[in-house]
Amino acid sequence: MIEIGVLGSTGSVGTQVLDIVRKNKDKIKVKLLGASKPSETLLSQIEEFNPDYVYIENGNISKNLKNTQVFIGKESLDFLKDLKLDLFIIAIAGVKGIRPTYILLESNKKVATANKEAIICLGELEKGKYKNIIPIDSEHSAIFQVIDRRPLDDIRRIVLTASGGPFLNLPLEELKNVSIQQTLNHPRWSMGKKISVDSATLINKGFEVIEAHYLFDIPYEKIDVVIHPESIIHGMVEYIDGTVIANLSNPDMRIPISYAIFYPERKYINNNYLDFTKLKSLNFLSPDYEKFPLLKVAIECGKKAGVYPTTLTMADEVAVNLYLQGKIKFLDIYKIVIEVVESIKDYSINNVQDLLDFIDYVEKYSLSVAKKYGSS
Ligand SMILES: NC(=O)c1ccc[n+]([C@@H]2O[C@H](COP(=O)([O-])OP(=O)(O)OC[C@H]3O[C@@H](n4cnc5c(N)ncnc54)[C@H](OP(=O)(O)O)[C@@H]3O)[C@@H](O)[C@H]2O)c1
């Protein structure tokens, strides 16, 4: 029996993790569930999976749970250090994933993560620890599956594919009036709101470049991005002899999730197999950096390192939240992120508390910058 914990169990990735569990009840036992609040979804998951432990950041669970110990508030997260599970899955969205990721990495737990924001912000602080992580992000799972512990010296470059998002074919002038609904309407993937907006601005791909840099310990010069609207190829590795090995599948997050849980084994998921005779064509384009400048800004932040990846992540999180609340327009996300990144003051980050303090500072600063764009 594989004993797992799922932090962020109520979200898009988390619920798909639990789908995999349902199909493999004889092989996987959920010991820990975690979410931000005691929602109906979380309560019904507790009833269904009867975990030993539940974590919520806010609120209370009034229902009397006989077999379940409940931990409340981020200060309680240290309980993770003492849990002996086979795998901890982090499916939390945004920078709230930093603290649990840090605790789990520091206590040498086996982690599978979808939470790119934590990897980007922890960055240099946890360097050396990322080799204990199995990636869930489909592009990183693709690269992980191709590399599979082969020497990095043989690699000329890795290529992360991007669908191009909902606005791939929309002229730049029309981006100023796009609705939230249009932005969330991703052509290939059904995901949580934050990552859907990030996919529409393409900053998500920039985040993934930084994530790949840390997860695979590979220099930025060896990471390329290509737009591939069909989302059939998720990642490619080009070797020094000219061979390219690609990872292909229909877009379905349950594939990388299942691979992360059962690694190195593979298990049947559903009948969602590729029919090559129906794939009319696979297209590849260069990213349009004029229409999607945040992709370039993100890669530059990654290369500059220091405070930049964290500043980028938090400025974007603030701007995306304001956009989702209807307080700013789509192109204001660009303006806020660029202004915050260009004007951020240097800050010395030597430990995780410094990082969390810096994040609070960037949040406040980003909100003050956002006021210019009518966010208040
Ligand atoms: N969705 C995808 O297909 C996909 C693909 C690749 C990578 N990712 C990455 O995976 C992560 C999750 O994305 P998602 O789309 O699944 O997000 P989502 O649908 O918005 O779900 C977010 C989850 O995080 C939980 N959460 C938020 N704050 C928390 C906190 N402070 N403590 C504990 N749990 C907290 C939420 O709980 P509540 O419900 O209680 O708020 C929810 O369970 C993101 O980093 C994203 O970039 C997602």
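Computation of the quantities below employed the complete heavy-atom set of this structure, encompassing side-chain atoms and omitting hydrogens, waters and symmetry-equivalent molecules. Starting from 1, each residue takes its place in the sequence as its number.
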More than 12 heavy atoms from other groups under 6.0 Å of CD on Gln353:
yes
Quick check against the 3.5 Å criterion: does Gln182 have a side-chain atom that pairs as donor or acceptor with the backbone of Ser179?
yes
Applying salt bridge (Lys or Arg N to Asp or Glu O under 4.0 Å), name anything that partners Asp275, two or more places apart in sequence or on another chain.
Lys278
Taking Ile232's backbone N and O only, do any of them form a donor-acceptor pair with His228's side chain (distance below 3.5 Å, no angle check)?
yes
Indicate every side-chain donor-acceptor pair of residues 154-166 with a distance under 3.5 Å to a residue at least two apart or in another chain.
unit_1, atom_1, unit_2, atom_2, d
Arg156, NH1, Glu238, OE1, 2.4
Arg157, NE, Glu238, OE1, 2.7
Arg157, NH1, Asp224, OD2, 2.8
Thr161, OG1, Ile233, O, 2.6
Thr161, OG1, His234, O, 3.1
Ser163, OG, Gly165, N, 3.0
Ser163, OG, His186, NE2, 3.2

Flag side-chain contact, heavy atom, 4.5 Å: Ile136 against Ser141
no
Tell me the closest heavy-atom pair linking Glu211 and Asp137, and the distance in Å.
OE1-OD2, 2.8 Å
Would a distance-only check, ignoring hydrogens and angles, find a side-chain to backbone donor-acceptor pair under 3.5 Å from Thr68 to Pro51?
yes
Any side-chain donor paired with an acceptor under 3.5 Å for Asn115 and Glu117?
yes
Donor-acceptor side-chain pairing of Asn283 and Glu230 below 3.5 angstrom:
yes
Salt bridge (Lys or Arg N to Asp or Glu O under 4.0 Å) involving Lys129 - partner list, sequence neighbours excluded:
none
Tell me which donor-acceptor pairs under 3.5 Å the side chains of residues 119-128 have, and how far apart each pair is, sequence neighbours excluded?
unit_1, atom_1, unit_2, atom_2, d
Glu124, OE2, Tyr214, OH, 2.9

Residue pairs meeting ring pair (Phe, Tyr, Trp, His ring centres under 6.0 Å), one or both in residues 74-99, sequence neighbours left out, come to Phe71-Phe79
What pairs of residues pass the side chain to side chain donor-acceptor pair (under 3.5 Å) test when at least one of them lies in residues 72-93, not counting sequence neighbours?
none
Consider only side-chain N and O atoms of Lys116 and Asn204, and report whether a donor and an acceptor are under 3.5 Å apart.
yes
Looking only at side chains, do Ser343 and Glu339 share a donor and an acceptor under 3.5 Å apart?
no
State plainly whether the residues Glu57 and Lys96 are in salt-bridge range, i.e. N to O under 4.0 Å.
yes
Please determine if Glu3 and Lys29 form a salt bridge, counting it only when a charged side-chain N lies under 4.0 Å from a carboxylate O.
no
Residues Asp332, Lys335: salt bridge by 4.0 Å N-O rule:
yes
Would you say the side-chain atoms of Gln325 and Asn321 include a donor-acceptor pair closer than 3.5 Å?
no
Tell me whether Lys194 is salt-bridged to Asp198, with the criterion being a basic N under 4.0 Å from an acidic carboxylate O.
yes
Is there a donor-acceptor pair under 3.5 Å between the side chain of Thr201 and the backbone N or O of Ile203?
yes
Within-4.5 Å side-chain heavy-atom neighbours: Leu324 and Leu322
no
Just grab all the ring pair (Phe, Tyr, Trp, His ring centres under 6.0 Å) pairs involving residues 92-113, residues at least two apart or on different chains.
none
Closest heavy-atom pair and its distance - Gly59, Ile72:
O-CG2, 3.4 Å
Residues in salt bridge (Lys or Arg N to Asp or Glu O under 4.0 Å) contact with Glu317, at least two apart in sequence or another chain:
none
Determine which pairs satisfy ring pair (Phe, Tyr, Trp, His ring centres under 6.0 Å) with at least one residue from residues 311-349, sequence neighbours left out, and list them in order.
Phe167-Phe330, Tyr323-Phe330, Phe330-Tyr334, Tyr347-Phe358
When you measure from the side chain of Lys364 to the backbone of Ile359, do you find a donor-acceptor pair of N or O atoms at a distance under 3.5 Å?
no
Pairs touching residues 240-261 that satisfy ring pair (Phe, Tyr, Trp, His ring centres under 6.0 Å), sequence neighbours left out:
Tyr259-Tyr263
List the residues meeting salt bridge (Lys or Arg N to Asp or Glu O under 4.0 Å) with Lys267, not counting sequence neighbours, and say none if there are none.
Glu265
Only pairs under 3.5 Å count here: list side-chain donor-acceptor contacts from residues 301-313, not counting sequence neighbours, and write none if there are none.
unit_1, atom_1, unit_2, atom_2, d
Thr311, OG1, Val307, O, 2.7
Thr313, OG1, Pro309, O, 2.7

So, Asn60 versus Ser62: side-chain donor-acceptor pair below 3.5 Å or not?
no
